[in-house]
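Working notes, beginning with the structure itself.
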Amino acid sequence: MSKVVARPLISVYNEKAEASGSTIQLPAIFRAPIRPDIVSFVQQQMSMNRRHPYCVSEKAGHQTSAESWGTGRAVARIPRVRGGGTHRSGQGAYGNMCRGGRMFAPTKIWRRWHRKINVNQKRYALCSAVAASGIPSLVMSKGHLINDVPEMPLVVSDKVQEYSKTKQAVLLLRRLRAWNDVQKVYKTRRFRAGKGKMRNRRRTSKLGPLIIYGKDQGLTKAFRNIPGVSLISVNKLNLMKLAPGGHVGRFCIWTESAFQRLNALYGTWRQKSKLKSDYNLPQPLLTGTDLSRLLKSDEIQKTNDEITFRALGYESLKMVRRASVKRNPLTNMRALMKLNPYSAVMKKSAAAVAEARKKSKAALLEKKRESLVPQSNLPVEKPKEEVPVQAQVQDVKPIQPPAVETPKPTPTEAKKGRKPKTAAKDWQVEPMDVTPASVVELKTATAPAKEPSPPIVTIPEPVVEAMEVTPVVEPKAVATPVKVKSPSVVPVPVVVPEVKPLEKVLAAPVEATPVAKPVEEASADSVPESAADKGSKSKKGKGKKNKKE
Amino acid sequence: VFRDHSLPSSTIAYLLSTGISSHSSFLADRRRSKEMSSSHLQWLITRNTSSFILKKRNVKQPFSREPLHLTNRHCYKYNTLIHKNVIGVEPAKDKNGFMVVMKSKKKVYKPKASMIRFQIKSGPRHSLAKLRNIVKGGYRKDCRTAVLKKASAIIRSEKTRVSKKAKPAKKAE
């Protein structure tokens, strides 16, 4: 199978850390599968190979001729040292619990110290480690400070191999912005914790960059004194240096010749390795690693296999299961409406009912108050009452019951283009019937608040007031026509006994219409006025009404 | 993202190991960042072993010490090393506004050039609006709230505190 890997060109940097212009195509090894599990395993095995055997002397604890005294001597039955004349005589011997006895399971020299690792496995691990060293995020995760490094992987010209002075080496690292990594090493120099201190492992520090060269022409001597820097030849790549601690992603600086040798050493998938007999780079299981692209790909999106789809986390074919925030329908209106679309209607009518109740209560209150106080005193009282009434009305403002009446010739309605809602009307008939009287009183109550000019006490005025109520409920658009219509009190009382006007009082938007009907003819001027005034106010009203509707 | 928790992550990493494309000409021109180490693969490698992870007692999800991190919690979405697109906010040195740091999509493999920094200092409201526009415009929409939160925290920290100084002055009088 022919495989093509998109391998970009890596620029080679000269001693001044400028892109020298020459480029090398990325060796295929940098595209090898990255298997941290294999790397970790192989590294662990490899690290066992540098162990020195240790054990206790096999004679230890047995260089006595102790024998147990047996029972009957009121001593433990452990073998005891024979003879006399010394402290040692009579002491326990041989047992691991005895002082001077042999230890439990004395360590043996023939313990399996070293591990055999399959060659292919070793190479796999190495390829993974090299591949990982080319990915900036993995190198940064390992802890190297490569934020300012010009490119990954970092390739330097072969001139570097001829360095002989540490000064040159330091200068190069500085220019390549790799010095930060070396400084990190300086900063983390400390004494080891534990007994290793007295076992010739006194100091520890982090690791710095790894320099991989093709030919050592003095380079080793130049770099070796810089703390943290390691050097290896390409021909002898070492997993312990490329993935110290079993973690991939060491910061590597390649020389040009080293970089170019990689293809010959490990092969490209197309071509076997030239230097290793019959070796080629490891084959990955998946051709693409980007999971999100996979999931969005046509092949998967068009799957008709329900099981596969479910396995991929989809609720059902074509539907992606997405985590959504649960919204409580009892508190969140939208959630409630999703579950029960009729709830919107219910809420509106409930609002209307509440409003009707409020008004009827207010009307009752007014009635009671009126009966107590003579009418002459009403004006005094009214200012007091104004506040609560006004408050009521204002409260009503936002909560506007849906339009009730079907035919609405009034200019207000015409402008707003409202459509009547027969359902609401029917619904509102009941309260109307119950409290016809209250309506009138209600009107009186509201009137003083709204209109200062006309005398408020008279009964007919209540009608006017009632009209005023309508504007209150409805945006100010209605107010203007009402005002105009005040002179036409006469026709108004005619309207009062009618059921319609009551309805309209209760239903804010509708209120204008009943009154308007008789008045229309009378106040032809009012129409244009109201229309004119509605310029700005009506817009507001429209907005609100539209929302309600 | 699909996660099969029955498999150990090493196996998943194995399954997602870098692949070779079988479409020759198609991929020849592709940038390597798209093929090689996808963010998913990198996440699987670094999710448990990374120098930036900070594990604390009684806290299940580890913290992240990455400098540009928006939430400081170690997770796939907000990781700053893994993705091509990364947006971050830093306090500006002159205490005026904040620095937005963005990763250039094209220069993922050039660490020095990949991070673009620019300062936004047009007052609190406008800077946030500008930042919002950047994110809205498609650069990491999913990080919107986190970025704005951090930016507003920076802005808030840059405000001088006057109230505390005023009180002792009054007392002196």
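Order of the sequence lines sets the chain letters (A, B, ...), proteins ahead of strands, with each chain counted from 1. Note: hydrogens, waters and symmetry copies are ignored here, and every other heavy atom, side chains too, is used.
By the 6.0 Å contact criterion, CD on Gln271(A) is open, its count of non-hydrogen atoms from other residues, nucleotides or ligands being 12 or less. Within a 6.0 Å sphere centred on CZ of Arg73(B), heavy atoms belonging to other residues, nucleotides or ligands number 12 at most. Within a 6.0 Å sphere centred on CZ of Arg125(B), other residues, nucleotides and ligands contribute 12 heavy atoms or fewer. At most 12 heavy atoms of other shown residues, nucleotides or ligands fall within 6.0 angstrom of atom NZ in Lys272(A). Within 6.0 Å of NZ in Lys130(B) there are 12 or fewer heavy atoms belonging to other residues, nucleotides or ligands.
When side chains are defined from C-beta on, Ser292(A) counts as touching His40(B), because their heavy atoms get closer than 4.5 Å. At a threshold of 4.5 Å between non-hydrogen side-chain atoms, the residues Met152(A) and Lys110(B) do not count as touching.
A distance of 12.5 Å separates CD in Glu151(A) from NZ in Lys112(B), rounded to the nearest 0.5 Å. In this structure, Ser141(A) OG and Ile45(B) CD1 are separated by 9.5 Å, a value rounded to the nearest 0.5 Å. Atom NZ of Lys206(A) is separated from atom OG of Ser51(B) by 7.0 Å, given to the nearest 0.5 angstrom. Put simply, NE2 on His247(A) and OG1 on Thr49(B) are 5.0 Å apart, with the number rounded to the nearest 0.5 Å. The CG atom of Asp148(A) lies 11.0 Å from the CE atom of Met115(B); values are rounded to the nearest 0.5 Å. Taking OH of Tyr109(B) as the start and CD1 of Ile10(A) as the end, the distance is 9.5 Å to the nearest 0.5 Å.
Under the 3.5 Å distance criterion, the side-chain polar atoms of Thr289(A) are left unmatched by any main-chain donor or acceptor of Leu41(B).
In this structure, no portion of Val139(A) lies under 4.5 Å from any heavy atom of chain B.
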